[in-house]
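Everything quoted here is computed from the prediction, not taken from an experiment.
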Amino acid sequence: MLSWHPGESALKTAGGFTRAYEIVKRTNQPLIILDKHPSLFSELDSPKVRVLEYSVPSFNFLNSTFPLINKFIDRLLTPIGLLSVFYRHKLSPTQIYVPYSELPQLTLTGVVLKFLTRSKLILCNLNINSLFLDRVLNVILHKFSDKTITISQNLADQLKKTGIICQFINGVGFDASIYKQNHLVDEKYDAIFIGRHTPEKGIVDLIKIWDILVNKLGHKYTLITVGDIPGYMSGHIDSLISQYGLGGLVKLRGKVNDLEKNKLLKKSRICVFPSRQEGWGIVPMEALTSGLPVVAYNLPVYSESIGDTPGFFVIEVGDLLGFARKIEEVSTNIPKYSLLAKKWRPRHTWDSIAQKELEIICS
């Protein structure tokens, strides 16, 4: 399995990493994982699962002047790191699995190794590429896969329009029990956002929504955000918060571990999730199970993953005022909407998803 993650920590900062982790945890086949240091999978290292790490140098001191330089360097050097550790350990796989094949640095490496080792290549695509060059490259690379998996029919349809054909659909599991654990609550935030802080995940829209709530509708609502903040977005986000005078109301927590994330969910009243692009949508599930009503953009995939459930409110993509008004409405009766949110039930378990994925890979 070829893996990569942003930054220099072993925190799972997106749903795709959690999905891969849960599948690896349940593997019944010998597996070798090549992952960036520090690995997200290190605690799963065992006689059956070997974790081999590679390193990619970072140049964080350049972020203020050239905010995208680290991302560019990382993409260039990741295939070199993967190939280096692959040949250093003299690996000879029968299958090569890329669990997030929307990342071209992984898929390119997978294609190279497919031809060098005559292995089967299995790709799992979790998102539509937002960058044009990535999209074009991935369409070409996916043509070399032996099997391509995606996580919803909606995403399969979108990928088909770009030129990527997925033969298998296997969704995302969910363990509701870990979000129903009680935590001591000594503070309340009006709202929480969880996700990578990028435009497609909604962080820019969210700050503008908060400007409407605070400066136009007159509510001093507090917002805490959790998730990876890429270097190229950090300055822009800070600038927007300052521009709208939201410094005392919007708190950027950055990356946290799962335990801390769950505590912050328990300390919050509403989950706000104006993501414009989701392959499945784990964050709303986490919030609903924790008793938080969710306000999100109306994405077609939610009909597959979440369904029509009380406590989950959708607004048309880009309707910032409508989003703010819905937050205002839900905030007036949190006890009622919290009880409605708890009625949601997941459609898939991790056991069933992992079993199907492993069958696809190994059959």
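Using modelled atom types and a 3.5 Å distance limit, the side chains of D228 and H197 yield no donor-acceptor pair. Looking only at atom types and distance, the side chain of Y297 has no donor-acceptor partner in the side chain of Q277 under 3.5 Å away. One side chain, E278 or S275, offers a donor N or O that lies under 3.5 Å from an acceptor on the other. T289 and K342 share no donor-acceptor pair across their side chains, judged by distance under 3.5 Å alone. N129 and E102 share no side-chain donor-acceptor pair at under 3.5 Å. Judged purely by distance below 3.5 Å, without hydrogens or angles, the side chains of D157 and Q153 pair a donor atom with an acceptor atom. If you check the side chains of S352 and T349, you find a donor sitting under 3.5 Å from an acceptor.
A donor-acceptor contact shorter than 3.5 Å is absent between the side chain of H348 and the backbone of S305. Without hydrogens or angle criteria, S84 side chain to I80 main chain gives no donor-acceptor distance under 3.5 Å. Formation of a donor-acceptor pair under 3.5 Å by the N125 side chain with backbone atoms of N127 is found in this model. With hydrogens and angles ignored, the 3.5 Å screen pairs no side-chain donor or acceptor of R118 with any backbone N or O of L113. Under a 3.5 Å cut-off, the side chain of D205 and the backbone N or O of P274 do not form any donor-acceptor pair. A donor-acceptor contact shorter than 3.5 Å is absent between the side chain of D35 and the backbone of L52. A donor-acceptor pair under 3.5 Å links the side-chain atoms of K356 to the main chain of I169, judged by distance alone. Between the side chain of Q158 and the main chain of I128, no donor-acceptor pair closer than 3.5 Å is present. Panel note: side chain T148, backbone L123; no donor-acceptor pair is recorded below 3.5 Å. Remark: the backbone N or O of G291 is paired with a side-chain donor or acceptor of S338 at under 3.5 angstrom.
In this pair, H219 and Y221 present their aromatic rings parallel. The plane angle is below 30°, not in the 30 to 60° band.
With E260 as the partner, the salt bridge (charged side-chain N to carboxylate O under 4.0 Å, His left out) test is satisfied by one option alone out of K266, K255, K267, R253: R253.
Looking at heavy atoms from C-beta onward, Y337 lies out of side-chain contact with R269 at the 4.5 angstrom threshold.
Clustering ILVMFWY residues whenever any of their side-chain heavy atoms sit less than 4.5 angstrom apart, transitively, puts L91 in the very cluster that holds L44.
Here the two rings, on Y54 and W4, have centers that are 6.0 Å apart or farther. For F312 and Y302, the gap between ring centers is short of 6.0 Å. In this structure, the ring of Y100 has its center less than 6.0 angstrom from the ring center of F17. Residues H236 and Y232 keep their aromatic ring centres 6.0 Å or farther apart.
K216 has a carboxylate O that lies under 4.0 Å from a charged side-chain N of D211, or vice versa, which qualifies the two as a salt bridge. A salt bridge is absent between K220 and D190: the closest approach of a Lys/Arg side-chain nitrogen to an acidic carboxylate oxygen does not fall below 4.0 angstrom. Using a 4.0 Å cut-off between a side-chain N of Lys or Arg and a carboxylate O of Asp or Glu, K263 and D258 do not qualify as a salt bridge. In this structure, E304 does not pair ionically with R347, as no charged nitrogen and carboxylate oxygen lie closer than 4.0 Å. One finds no salt bridge joining R325 and E329 here, because no Lys/Arg side-chain nitrogen approaches an Asp/Glu carboxylate oxygen to under 4.0 Å.
Counting non-hydrogen atoms of neighbouring residues, nucleotides and ligands closer than 6.0 angstrom, the NZ atom of K147 exceeds 12 such neighbours. Heavy-atom contacts from other residues, nucleotides or ligands closer than 6.0 Å to CG of D308 number 12 or fewer. Dense packing is recorded around CZ of F115, with more than 12 heavy atoms of other residues, nucleotides or ligands lying under 6.0 Å away. Enclosure of atom OH in Y87 by more than 12 non-hydrogen atoms of other residues, nucleotides or ligands within 6.0 angstrom is indicated.
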